[in-house]
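A quick note: this is a predicted structure, and the numbers were derived from the prediction, not measured.
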Amino acid sequence: MDASTLSRIGLAGLAVMGQNLALNIAEKGFPISVYNRTTSKVDETLHRAQSEGPFPLTGQYSPRDFVLSIQRPRSIIILVKAGNPVDQTISALTEFMEPGDTIIDGGNEWYQNTERRIQEVGEKGILYLGMGVSGGEEGARHGPSLMPGGSLEAYNNIESVLKSVAAQVDDGPCVTYIGEGGSGNFVKMVHNGIEYGDMQLISEAYDVLKNVGGLSNGELAEIFGEWNRGELESFLIEITSDIFKVKDDLADGDLVDKILDKTGMKGTGKWTVQQAAELSVAAPTIAASLDCRYLSGLKEERESAAEILEKAGLKEEMGSVESEIDKKRLIDDVRQALYASKICSYAQGMNLLRSKSVEKGWDLNLGELARIWKGGCIIRAVFLDRIKKAYQRNPSLASLVVDPEFAREMVQRQAAWRRVVGLAISAGISTPGMCASLAYFDTYRRARLPANLVQAQRDLFGAHTYERTDRPGAFHTEWTKLARKSNAGVGAFN
């Protein structure tokens, strides 16, 4: 093939994300070759490239023709389902690739799979990137947040492409080289964990306002729209306002009220919680959001439980609480509680990233990660700029909770936060995310915890020893023997 007709980059896997990312790349002026095992997807993408462009996009119908249509050193993005399909695609493509070529996996892959593949293709001289892509269909088409990790040489080969197609914010494109190995996939995984927490917290705010405050969907749309013009400005708050405005086209009423209350998931939230446990990093808000997704799946059990407990005498408290509340104050309290809870959720995610970075030697730049999340991705929010600045002020910041600016804001909001949680508990409304965030805050801010009793118990039944506050060293006590001796002494005295 004539070198002048070769594509700058290739993309294999033309489902929703792949198609839209390919069109984004082509629209930015980079000639791109696309390939999919199902040929109709290639035709569909070619049609879109013409109708939306025309854009410099060519379709290929075999792995060989696809690989050979790309200029050397070749860079090929694959966007297929994580797991075996990635390995199968790599196998099909590398048969025709050469040393110095690059594979970029843009799926939600487990980071250790990426590290395995780096080794495997590295034996053939092929470079590898595991690149998190966030922003959904819209982001992929018009500007996602990109998190590439792996070979720095591979990143340098396509840096100009990635910087052009990424979302653009005031301080640059929403892409940066994350680090070595599977760091890009790991960062995207934690991003998704934070996303789980964010969505759960918003759903709890909705639940309290709707079922305790008695607010209509129209009022909720207005409230979330107003919140999106202030400190809570974010993609998720914006789309939540939009959701409340949509009428059902199949029946009377609003569509949101007709949606079955069962939440799906793809695994990244579970991975985040598992990694937090393995690294001994507290992530209670993210864990609570995962638990709620599990519980939401028990729809039939929950309906049965509601009926059984009602027959057992359980009464709804929402009505009595609603009649006593000041709605204007409730709305403002929920806004403050949501903001404070979100800070805790983001703090947990950033601490998990820092801990993994230390373990793996990735040298993650937490401020830069906050910056590339400011646009394109699902958790994009105005306060990410302030998170970026917090880590710029203090790169070794122990937690966002103790950044002077965020600390002041949380202290200012804690009264409202406690009122919302207390009101929800009184009304029988579950707010596990807000409760988890508040418990995290209350635990982290206390200089002394009841862990001394837990450690005494461990020493009593397992001789695990304990440390003292007044002198160094490890100690063990015969607790039961001394307690019985004490009891005998008390009995004799009496």
Side-chain angles (χ1 to χ4, degrees), residues 186 190 193-194 196-197 200 269-292 294-295 340-341 343-361 366 394 396-404 406-407 410-411 414 417-418 421-422 425 430-494:
F186 194 90
V190 175
I194 294 171
Y196 271 50
Q200 177 62 31
K270 181 173 73 173
W271 291 346
T272 304
V273 173
Q274 287 173 333
Q275 281 294 295
E278 287 191 15
L279 291 165
S280 300
V281 174
T285 310
I286 299 171
S289 70
L290 185 65
D291 287 339
C292 283
Y294 294 148
L295 285 166
S341 297
I343 292 173
C344 287
S345 184
Y346 279 70
Q348 293 160 30
M350 300 309 272
N351 285 354
L352 176 53
L353 288 172
R354 183 184 60 203
S355 180
K356 193 68 175 182
S357 178
V358 170
E359 180 195 72
K360 300 287 288 185
L366 299 184
N394 181 4
S396 59
L397 184 67
S399 171
L400 290 174
V401 173
V402 294
D403 171 73
F406 284 122
M410 296 187 78
V411 170
Q414 68 163 333
W417 196 4
R418 297 181 195 285
V421 169
I425 291 171
S430 64
T431 52
M434 287 187 184
C435 287
S437 283
L438 182 56
Y440 178 81
F441 173 74
D442 280 338
T443 303
Y444 190 70
R445 70 178 178 81
R446 291 184 63 195
R448 185 161 174 84
L449 294 170
N452 55 318
L453 178 59
V454 174
Q455 193 60 22
Q457 291 170 332
R458 295 183 72 242
D459 187 52
L460 184 152
F461 65 68
H464 293 294
T465 74
Y466 57 88
E467 296 176 84
R468 294 178 60 102
T469 59
D470 57 353
R471 64 198 67 195
F475 298 84
H476 169 61
T477 295
E478 297 289 342
W479 297 90
T480 304
K481 185 186 296 183
L482 291 175
R484 287 174 181 164
K485 185 184 294 184
S486 176
N487 285 343
V490 170
F493 178 78
N494 288 339

Taken in chain and number order and not counting sequence neighbours, the residues that satisfy side chain to side chain contact (heavy atoms under 4.5 Å, CB included) with Gln274 are Lys270, Trp271

Between Gln200 and Pro432 the two heavy atoms that sit nearest each other are NE2-CG, 4.0 Å

Residues passing the ring pair (Phe, Tyr, Trp, His ring centres under 6.0 Å) test with Tyr440, sequence neighbours excluded, are none

Using atom types as modelled, flag every donor-acceptor pair under 3.5 Å from a side chain in residues 344-355 to any protein atom, sequence neighbours excluded.
from, atom 1, to, atom 2, distance (Å)
Tyr346, OH, Asp198, OD2, 2.9
Tyr346, OH, Ile379, O, 3.2
Gln348, OE1, Thr285, N, 3.0
Gln348, OE1, Thr285, OG1, 3.4
Gln348, NE2, Thr285, OG1, 2.9
Gln348, NE2, Cys344, O, 3.3
Arg354, NH1, Leu397, O, 2.5
Arg354, NH1, Ala398, O, 2.9
Arg354, NH2, Ala398, O, 2.9

- Min side-chain heavy-atom separation Tyr466-Thr477 under 4.5 Å: yes

In short, salt bridge (charged side-chain N to carboxylate O under 4.0 Å, His left out) pairs touching residues 444-461 with sequence neighbours left out are Asp442-Arg445

Rounded to the nearest 0.5 angstrom, the CD-NZ distance for Glu278 and Lys356 is 7.0 Å

For Glu467, the side chain to side chain contact (heavy atoms under 4.5 Å, CB included) test, sequence neighbours excluded, returns none

Interatomic distance, CG@Leu279 vs OG@Ser357, rounded to 0.5 Å, equals 11.0 Å

Hits for side chain to side chain donor-acceptor pair (under 3.5 Å) against Tyr444, two or more places apart or cross-chain, chain-then-number order -> none

The reported gap from CD in Gln455 to CZ in Phe475 (rounded to nearest 0.5 angstrom) is 13.0 Å

Please determine whether side-chain contact (heavy atoms from CB on, under 4.5 Å) holds for the pair Asn394 and Asp403, giving the CA-CA distance in whole Å, both sets of side-chain angles, and the decisive distance to 0.1 Å.
CA-CA 8 Å; Asn394 181 4; Asp403 171 73; over 6 Å; no

Here the pair of heavy atoms bringing Val273 nearest to Ile286 is CG2-CG2, 4.0 Å

Side chain to side chain donor-acceptor pair (under 3.5 Å) filter on Thr480, not counting sequence neighbours, yields none

For Val421, the side chain to side chain contact (heavy atoms under 4.5 Å, CB included) test, sequence neighbours excluded, returns Trp417, Ile425, Met434, Cys435, Leu438

With sequence neighbours left out, the residues meeting salt bridge (charged side-chain N to carboxylate O under 4.0 Å, His left out) with Lys360 are Glu115

Taken in chain and number order and not counting sequence neighbours, the residues that satisfy side chain to side chain donor-acceptor pair (under 3.5 Å) with Thr465 are none

